[in-house]
Amino acid sequence: MLLAIDCGNTNTVFSIWDGEKFLCTLRTSTHHARTADAYFTWFTTLVAHYGITPDIQHVIISSTVPRVVFNLRVFADRFFGCRPVVVGKPDCALPQAPRVDEGTIVGPDRLVNAAGAYDRHGGDLVVVDFGTATTFDVVAEDGAYVGGVIAPGVNLSLEALHMAAAALPHVDVTTPQKVIGTNTVDCIQSGVYWGYVGLVEGICARIRAEYDRPMRVIGTGGLAPLFAQGTQLFDTIEEDLTMHGLTVIHAYNQKM
Ligand SMILES: Nc1ncnc2c1ncn2[C@@H]1O[C@H](COP(=O)(O)OP(=O)(O)O)[C@@H](O)[C@H]1O
Ligand SMILES: CC(C)(COP(=O)(O)O)[C@@H](O)C(=O)NCCC(=O)O
Ligand SMILES: [K+]
């Protein structure tokens with residue numbers, strides 16, 4: 001069995017892959033100070049709760065936070081006796097090398113999204129990932145990551161508004177009932193929700209115009225289903241896309 005770990009700037013997600021399906025998906029906040037022992041205590045408690053007795057032989061890690069990788073490596077080594085594959089490190093091969101400016105270190109999550117999306121859909125894609133940042137990853141005809149767009153994430157924008165304006169409260173993102181808010185909270189929710197719908201529609205339209213070939217748009221990340229309610233933009237929403245990409249890259253490295 002494979003343990004796939006996707007560490008974002010906000011959340012770290014663990015999924016157990018038995019070769020055919022994911023047995024479970026566990027989520028914790030991202031903390032570089034969390035020790036290998038703490039990961040294991042949390043992990044064993046939750047898998048027992050789900051009635052799973054995993055037999056982990058392999059671990060693959062993608063992390064947008066470099067500092068957490070050390071403790072995750074120790075976790076893999078100490079508890080599963082294996083050396084993890086870490087996406088973005090020289091010893092992790094990718095099915096298609098990215099084509100970007102020399103010296104650019106592409107976020108591993110974006111390389112993983114590209115590999116997962118290409119495996120499921122073929123090339124000529126935009127993957128929109130609603131994470132801490134909202135990222136747009138362009139996947140070429142041959143499956144290579146060829147660039148994209150990074151925009152501030154939805155929750156980051158809400159937090160910035162609350163921090164900068166003395167009279168504005170912190171609010172959660174939801175689908176507003178109306179565009180014209182008649183109280184402060186509704187006004188903020190409308191601004192962020194419809195602002196983001198406009199942002200993703202506008203950026204994808206411009207990507208399509210510049211790319212000059214038909215492209216499909218795939219949405220992923222925690223907030224993707226919420227935004228899919230407000231636009232016809234997405235061909236599909238796949239919440240497990242990053243995890244799927246990790247299984248694809250792991251299988252590719254096994255064959256090497
Ligand atoms: N279903 C949800 N409803 C509301 N907020 C969510 C949901 N899922 C994720 N979030 C929030 O969206 C943001 C991005 O989450 P996530 O996709 O886990 O980011 P990352 O991969 O960058 O760690 C976080 O602030 C998280 O709390
Ligand atoms: C853009 C990101 C911060 C997104 O991270 P996330 O929202 O998943 O936490 C991450 O992919 C990153 O640090 N990228 C490095 C720069 C780049 O991809 O070009
Ligand atoms: K992201």
Side-chain angles (χ1 to χ4, degrees), residues 4-15 25-32 34 61-69 72 86-89 92 94 96-117 125-139 144-163 170-176 185 188-189 192-193 195-197 199-200 203-204 207 217-230 234 237-246 249:
I5 304 176
D6 165 32
C7 175
N9 281 287
T10 307
N11 291 315
T12 298
V13 184
F14 287 50
S15 280
T25 294
L26 317 174
R27 198 174 289 267
T28 184
S29 56
T30 297
H31 261 300
H32 69 84
R34 188 171 291 123
I61 301 168
S62 161
S63 180
T64 58
V65 183
R67 287 176 79 184
V68 302
V69 175
L72 287 171
V86 181
V87 179
K89 297 291 174 198
C92 174
L94 294 172
Q96 290 85 16
R99 291 195 289 277
V100 292
D101 296 349
E102 213 178 295
T104 299
I105 298 171
V106 181
D109 55 323
R110 308 178 75 189
L111 299 172
V112 173
N113 282 345
L125 307 172
V126 186
V127 179
V128 185
D129 188 334
F130 294 88
T132 309
T134 302
T135 47
F136 299 71
D137 312 320
V138 176
V139 184
Y145 168 88
V146 291
V149 175
I150 301 172
V154 178
N155 283 303
L156 222 49
S157 305
L158 281 167
E159 198 53 31
L161 203 56
H162 165 60
M163 303 268 276
H170 172 80
V171 301
D172 291 325
V173 57
T174 61
T175 315
V185 168
I188 298 171
Q189 282 173 336
V192 168
Y193 188 84
Y196 260 83
V197 167
L199 181 145
V200 293
I203 288 177
C204 285
I207 288 174
V217 181
I218 322 273
T220 191
L223 294 172
L226 192 70
F227 283 92
Q229 290 169 22
F234 297 103
I237 299 290
E238 295 177 359
E239 285 180 75
D240 66 347
L241 186 69
T242 312
M243 280 302 160
H244 176 66
L246 283 171
I249 293 176

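Treat the numbers as computed from the prediction; the structure is a model and nothing was measured. When a residue number appears, it is its place in the shown sequence, counting from 1. Any value given below was found using the heavy atoms of this structure, including those in side chains, with hydrogens, waters and symmetry copies removed. For ligands, and for the atoms within them, numbers begin at 1 and follow the listed sequence.
- In this structure, the side chain of Thr134 does not engage the main chain of Asp129 through any donor-acceptor pair within 3.5 Å.
- Rounded to 10°, the angle that OG1 of Thr135 and O of Ala133 form at the K ion (ligand 3) is 100°.
- A donor-acceptor contact shorter than 3.5 Å links the side chain of Ser63 to the backbone of Val65.
- Contact residues for ligand 2 (protein heavy atom closer than 4.0 angstrom to any ligand atom): Gly8, Asn9, Thr64, Ile105, Val106, Gly107, Asp109, Arg110, Gly131, Thr132, Ala133, Thr135, Ile150.
- Side chain of Arg110 to main chain of Phe136: a donor-acceptor pair is present (N/O by atom type, distance under 3.5 Å, no hydrogens or angles).
- Across all non-hydrogen atoms, the minimal contact from Val13 to Met243 is O-CE, 3.3 Å.
- Put simply, the side chain of Val128 does not reach to within 4.5 Å of the side chain of Phe227, judged on heavy atoms.
- Within 4.0 Å of ligand 1, counting heavy atoms only, the contacting residues are Gly8, Asn9, Thr10, Asn11, Arg27, Phe130, Gly131, Thr132, Asn155, Gly222, Leu223.
- Thr30 places a side-chain N or O within 3.5 Å of a backbone atom of Gly8 that can act as its donor or acceptor partner.
- The K ion (ligand 3) lies at 3.4 Å or more from every N, O or S atom belonging to Thr134.
- The backbone N or O of Gly230 sits less than 3.5 Å from a side-chain atom of Tyr193, completing a donor-acceptor pair.
- Checking each of Asn113, Val127, Val100, Val112 against Tyr145 for a side chain to side chain contact (heavy atoms under 4.5 Å, CB included) leaves exactly one that passes, namely Val100.
- Gly8 lies apart from the K ion (ligand 3) in this respect, since none of its N, O or S atoms is found at a distance under 3.4 Å.
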